Amino acid sequence: QVQLVESGGGLVQAGGSLRLSCAASGGSIGRYPMGWFRQAPGKEREFVAAINWSGSSTAYADSVQGRFTIARDNAKNTVYLQMSRLEAEDTAVYYCAVDRKFMGAPRTTGNEYESWGQGTQVTVSS
């Protein structure tokens, strides 16, 4: 089974930027959609962004549309989340995951995903 490791989180001031990475090992993610989710303290996990296997189609939560960009490099077996104009409300642990559907479209429901990473903390100070 694929293992995922997120990195790139940290502390940033409101209005700043971060780029998260999700590196896969133990198998190729190149033909599977990938997603980013986040969970803030005391809140449910929520969808952030997803990308299809080729990178030609993406989906975003309304709260991050226009500020975040998801991308992938299948040659590096890695998915990225570029986050700009960060807000305090973006503070959370960010997770990446592999969608179960081979060559599927990006999906927004966490139950469609598996092989979750351990997460990376993003803290935005206001």
Side-chain angles (χ1 to χ4, degrees):
Q1 191 172 9
V2 170
Q3 292 83 46
L4 303 176
V5 177
E6 302 94 337
S7 61
L11 174 63
V12 63
Q13 289 188 333
S17 300
L18 282 175
R19 188 177 82 153
L20 305 184
S21 298
C22 171
S25 62
S28 174
I29 60 169
R31 292 294 182 266
Y32 292 89
M34 296 291 294
W36 284 97
F37 294 77
R38 66 187 182 188
Q39 187 166 20
K43 294 188 176 181
E44 296 288 319
R45 182 182 65 196
E46 65 174 357
F47 168 76
V48 176
I51 188 167
N52 74 333
W53 68 276
S54 67
S56 62
S57 179
T58 57
Y60 295 94
D62 289 343
S63 59
V64 307
Q65 180 77 48
R67 300 189 298 121
F68 290 11
T69 302
I70 187 171
R72 66 191 300 161
D73 185 337
N74 287 338
K76 295 183 178 180
N77 226 22
T78 300
V79 178
Y80 305 96
L81 185 68
Q82 177 67 49
M83 305 186 296
S84 303
R85 306 202 315 271
L86 283 160
E87 304 169 354
E89 293 72 22
D90 296 318
T91 295
V93 178
Y94 284 71
Y95 300 90
C96 64
V98 184
D99 192 321
R100 294 186 178 90
K101 189 169 179 62
F102 183 74
M103 296 181 71
R107 298 193 286 187
T108 63
T109 306
N111 290 342
E112 308 291 357
Y113 289 79
E114 60 185 11
S115 301
W116 295 80
Q118 84 292 344
T120 185
Q121 176 71 47
V122 172
T123 303
V124 183
S125 62
S126 57

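In this text the structure is predicted, and so the values were computed from the model without any measurement.
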Close side-chain approach of [X] and [Y], heavy atoms under 4.5 Å:
| X | Y | answer |
| --- | --- | --- |
| Phe68 | Leu86 | yes |
| Met83 | Trp36 | no |
| Phe102 | Tyr32 | yes |
| Ser63 | Glu89 | no |

Minimum heavy-atom separation for [X] and [Y], please, with both atom names.
| X | Y | answer |
| --- | --- | --- |
| Ile51 | Pro106 | N-CB, 3.8 Å |
| Arg45 | Phe37 | CG-CB, 3.9 Å |
| Leu81 | Ala49 | CD1-CB, 4.1 Å |

Main chain of [Y], side chain of [X]: is a donor-acceptor contact present, judged purely on distance under 3.5 Å?
| X | Y | answer |
| --- | --- | --- |
| Asn77 | Ile29 | yes |
| Tyr95 | Glu6 | no |
| Arg107 | Tyr113 | no |
| Arg85 | Arg67 | no |
| Glu114 | Val98 | no |
| Asn74 | Trp53 | yes |
| Asp73 | Thr78 | no |
| Thr91 | Val124 | yes |

| Is the shortest distance from a Lys or Arg side-chain nitrogen in Glu112 or Arg100 to a carboxylate oxygen in the other one below 4.0 Å? |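 The answer is no: the pair does not qualify as a salt bridge.
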| hydrophobic_cluster_shared for Val79 and Tyr60, side chain cutoff 4.5 Å |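 Tyr60 clusters together with Val79.
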| said: Which residue in the set Thr120, Val64, Val122 passes side-chain contact (heavy atoms from CB on, under 4.5 Å) when paired with Arg38? | reply: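 It is Val64; the other options fail the test.
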| query | If you draw a 6.0 Å radius around CD in Glu44, do more than 12 non-hydrogen atoms from other residues or ligands fall strictly inside? | reply | no
